[in-house]
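Report on the structure given below.
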Amino acid sequence: MIDLSLLRNNPEEVKANLSLRGFDLDISLWETLEKNRKAFQVEMENFQAEQNKIAKEIGLAQKNNESIEDLKSKATKISSDLKDAKEKFKTNKLAYEDFLLNIPNLLDPSVPPGKSEEDNELIKKVGKIPSFEFTPKDHQELGISTDGMDFEAAVKISKSRFVVFKNSIAQLNRALIQFMLNTHTNDHGYKEIYVPFIVNKDSLLGTGQLPKFKEDQFQIKDDENEMYLIPTAEVPVTNYHRDEILDSSDLTLSYVSHTPCFRSEAGSYGLDTRGIIRQHQFEKVELVKISHPDKSSQDLEQLTSDAERILELLELPYRKVKLCAGDIGFGSALTYDLEVWLPSQNKYREISSCSNYKDFQSRRLKIRTDEKDSKVLCHTLNGSGLAVGRTMAAILENFQEKSGSVKIPKVLRPFMNDQEVL
RNA sequence: GGAGAGGUGGCUGAGUGGUUGAAAGCGCUCCCCUGCUAAGGGAGUAUGUGGUAAUACCGCAUCGAGGGUUCGAAUCCCUCCCUCUCCGCCA
């Protein structure tokens, strides 16, 4: 959620910023909602204050054996006025909150202008794009030919956009997870954390997937509670500190967590239907940082380079781009995408999205830190380190050989019984 | 799943309808005293939100969550969540 005082005091500035990402802030609607909110709230609180006062007077009068009839009839009237005022306030408040929860985050000034991914700013390219003297296969073909992937079985067991891993591919999947977790905990100072994969509504509201992206979530059938499968570890890990005031000397908090992720992929029919690039379920090793606001920009650079290091150690060619205003996510103020080279598609594909949410999530989550005599909202950051399925696809495709075998990156071999090819 | 007991401020823990946002203790902060140390005395010590430019002042809300009864609810009623003990089941 964006800063209310900024929206109240300087709506034009907010509108101008949001328009860069193509969001049209309806200022006159906002002003009406805000005017009503203020009027209804003041009215309601005045009645409440009056009621509190009379209730005390009644108590006092009763104690002194004085008549309370007059006071009581007055109180009854106020009580009913208060009830009406509360009703009015509540109704307006719903629309008010809905309006606010659907406003995206303000963009960092460094975000380049642009409408689509075409306009993202290239930061750097790393590694050499492989050239093949044969026609490279895609990862699905390689996965099947090495007897490591079964898409048909997945459809039988579940439905489309799922996969079964077997044999060396299943092992490679596990090796990648282990390698990533080890690197981030041993070399980059992240604390490993294991979290629930099913979360409640408040958690998704806190990190911003709700209310706007309900369609993208898998909701669990549960009569009592509104529960969802996590779309990313960002949700449970960031919510770990919901409603907390963190000791400033403990910041920056850095977490790494491996979880499966579940996405309904509603509206992506026809996109990436082949292979494991876009599945309903995939593994991800996620990096999350909770920072002091003064430090978050620096922390985003660090987090991104920690994710990049995985690509470098795996010797995968990739590029780093800064997302433009039109392509950046709803809650993010600044995002770097890491894109790995996929030979079968002859282009770079997103493998990690590293974002600084600044105080957008922490305002919803109430994650604060103490500062002298006051409390300030922390900044939250996250990024994949990396998406495991896409990493696997990249390894298969980039390191394939004419024979159809695939060279396993050196750093993974210790996790694969020193196997060199698959 | 069955039976029972509970959920109060940073912590422990009082409080069954009325000046209780909440006793007391611990912890913490500041001050005083004590030639060091130990001890002692005093004051302060929640969060959110609104009126506001304000970390000044005032109001409102918050005693697991949400409803209800009442002039008035931490206290009474209902639903839900969670914790603990015993039994059952179970990876």
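What you are looking at is a predicted structure, and each value in this text was computed from that prediction instead of being measured. Residue numbers begin at 1 in each chain, while the letters A, B, ... track the order of the sequences.
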Quantified in whole Å, what is the C1' atom distance between nucleotide B:C84 and nucleotide B:U79?
22 Å

Could you give the CD1-to-P distance, from A:I68 to B:G17, as a whole number of Å?
16 Å

Do A:F330 and A:F360 have ring centroids that are under 6.0 Å from one another?
yes

Rounded to the nearest Å, what distance is computed from the CD atom of residue A:E50 to the P atom of nucleotide B:C58?
20 Å

Any donor-acceptor N or O pair under 3.5 Å, side chains A:Y228, A:E226:
yes

A:K86 NZ to B:G66 P, straight-line distance once rounded to whole Å
12 Å

Looking at A:E34 and A:R37, is any side-chain nitrogen of the basic one under 4.0 Å from a carboxylate oxygen of the acidic one?
yes

Find the runs of at least 3 consecutive base pairs, i with j, i+1 with j-1 and so on, that include RNA chain B, using Watson-Crick or G-U wobble geometry with both distances under 3.5 Å.
B:1-7 with B:81-87, B:10-12 with B:24-26, B:27-32 with B:40-45, B:46-51 with B:57-62, B:64-68 with B:76-80

Assuming nearest nucleotide by heavy-atom distance, tell me which of A:K366 and A:M44 is located more 5' along RNA chain B.
A:K366

Scan nucleotides 49-52 of chain B against the protein and return all N/O pairs shorter than 3.5 Å with their distances rounded to 0.1 Å.
{"from": "B:U49", "atom 1": "O2'", "to": "A:Q41", "atom 2": "NE2", "distance (Å)": "3.4"}
{"from": "B:G50", "atom 1": "OP1", "to": "A:R8", "atom 2": "NH1", "distance (Å)": "2.9"}
{"from": "B:G50", "atom 1": "OP1", "to": "A:R8", "atom 2": "NH2", "distance (Å)": "2.8"}
{"from": "B:G50", "atom 1": "O4'", "to": "A:Q41", "atom 2": "NE2", "distance (Å)": "3.0"}
{"from": "B:G50", "atom 1": "O3'", "to": "A:R37", "atom 2": "NH2", "distance (Å)": "2.9"}
{"from": "B:G51", "atom 1": "OP1", "to": "A:K38", "atom 2": "NZ", "distance (Å)": "3.4"}

Any side-chain donor near an acceptor of the partner, A:D359 and A:S362, under 3.5 Å
no

Counting only heavy atoms not in A:K15 (residues, nucleotides, ligands), do more than 12 fall under 6.0 Å from its NZ?
yes

With rounding to whole Å, what would you report as the distance between B:G72 and B:A61 at their P atoms?
12 Å

Rounding to the closest angstrom, what is the interatomic distance between B:G13 and B:G64 at atom P?
15 Å

Any base atoms under 4.0 Å from A:K83, or only sugar-phosphate, or nothing? Heavy atoms, all strands.
nothing

Compare every heavy atom of A:Q361 with every heavy atom of A:T207, then report the nearest pair and how far apart it is.
O-NE2, 3.0 Å

Main-chain N/O of A:V235 paired to A:T238 side chain as donor or acceptor, under 3.5 Å:
no

Check step by step if side chain to side chain donor-acceptor pair (under 3.5 Å) holds for A:E265 and A:H280.
CA-CA 7 Å; A:E265 293 299 340; A:H280 288 307; over 6 Å; no

Return the value, rounded to whole Å, for the distance between atom CG of A:D202 and atom P of B:C80.
19 Å

For B:G72, take OP1 and OP2 only and decide whether either is under 4.0 Å from a side-chain N or O of A:S79.
yes

Have a look at A:I54 and say if it touches a base, only the backbone sugar-phosphate, or nothing, with a 4.0 Å heavy-atom cut-off.
nothing

Between B:G25 and B:G15, how far apart are the C1' atoms? Round to whole Å, please.
15 Å

Here the distance between atom P of B:C58 and atom NZ of A:K53, to the nearest Å, is 17 Å

For residues 34-89 of chain A, the ring-ring contact (aromatic ring centres under 6.0 Å, His included) pairs (sequence neighbours left out) are none

Can you tell me, in whole Å, how much space there is between the P of B:U75 and that of B:C89?
39 Å

Output yes when a side-chain donor or acceptor of A:N120 lies under 3.5 Å from a complementary backbone atom of A:C324, and no otherwise.
yes

When you compare B:A74 with B:G17, how far apart are their C1' atoms, in angstrom units rounded to a whole number?
11 Å

Taking side chain to side chain donor-acceptor pair (under 3.5 Å) as the definition, give me every residue that meets it alongside A:S73, ordered by chain and number, with sequence neighbours left out.
none

Can you tell me, in whole Å, how much space there is between the C1' of B:C33 and that of B:G41?
7 Å

Regarding A:D306 and A:Q302, do their side chains bring together a donor and an acceptor under 3.5 Å, going by distance alone?
yes

Listed nucleotide nearest any side-chain atom of A:K72, set B:C71, B:U19, B:G59
B:C71

How long is the line joining CD1 of A:I58 and P of B:G18, in whole Å?
13 Å

Under the side chain to side chain donor-acceptor pair (under 3.5 Å) criterion, do A:E401 and A:S405 qualify, and how do the steps go?
CA-CA 5 Å; A:E401 293 174 322; A:S405 64; 3.2 Å; yes

Taking the minimum atom-to-atom distance to the side chain of A:A49, which one of B:G18, B:U47, B:G59 wins?
B:G59

Identify, between A:N9 and A:K90, the residue whose nearest nucleotide on RNA chain B lies closer to the 5' end.
A:N9

Take atom CG of A:L365 and atom C1' of B:U47, then tell me their distance rounded to the nearest Å.
17 Å

When you compare the protein's N or O atoms with those of nucleotides 61-63 of chain B, which come within less than 3.5 Å of each other, and at what distance?
{"from": "B:A61", "atom 1": "OP1", "to": "A:Q48", "atom 2": "OE1", "distance (Å)": "3.2"}
{"from": "B:A61", "atom 1": "OP2", "to": "A:N52", "atom 2": "ND2", "distance (Å)": "3.4"}

Please assess A:D81 against A:K77 for the test salt bridge (Lys or Arg N to Asp or Glu O under 4.0 Å), listing each intermediate value before the final yes or no.
CA-CA 6 Å; A:D81 288 345; A:K77 170 78 170 62; 2.7 Å; yes

Anything under 3.5 Å between a protein N or O and an N or O of nucleotides 73-75 of chain B, put it in a table, one pair a line.
none

A:E87 CD to B:G68 C1': how many Å, rounded?
14 Å

Any donor and acceptor pair, going by atom type alone, linking the side chain of A:S158 with main-chain N or O of A:A154 inside 3.5 Å?
no

Integer angstrom distance from the P of B:C80 to that of B:C87:
26 Å

Taking A:H139 for the side chain and A:I276 for the main chain, is one N or O donor matched with an acceptor at less than 3.5 Å?
yes

Check every strand shown and say whether A:A75 touches a base, only sugar-phosphate, or nothing at a heavy-atom separation below 4.0 Å.
sugar-phosphate

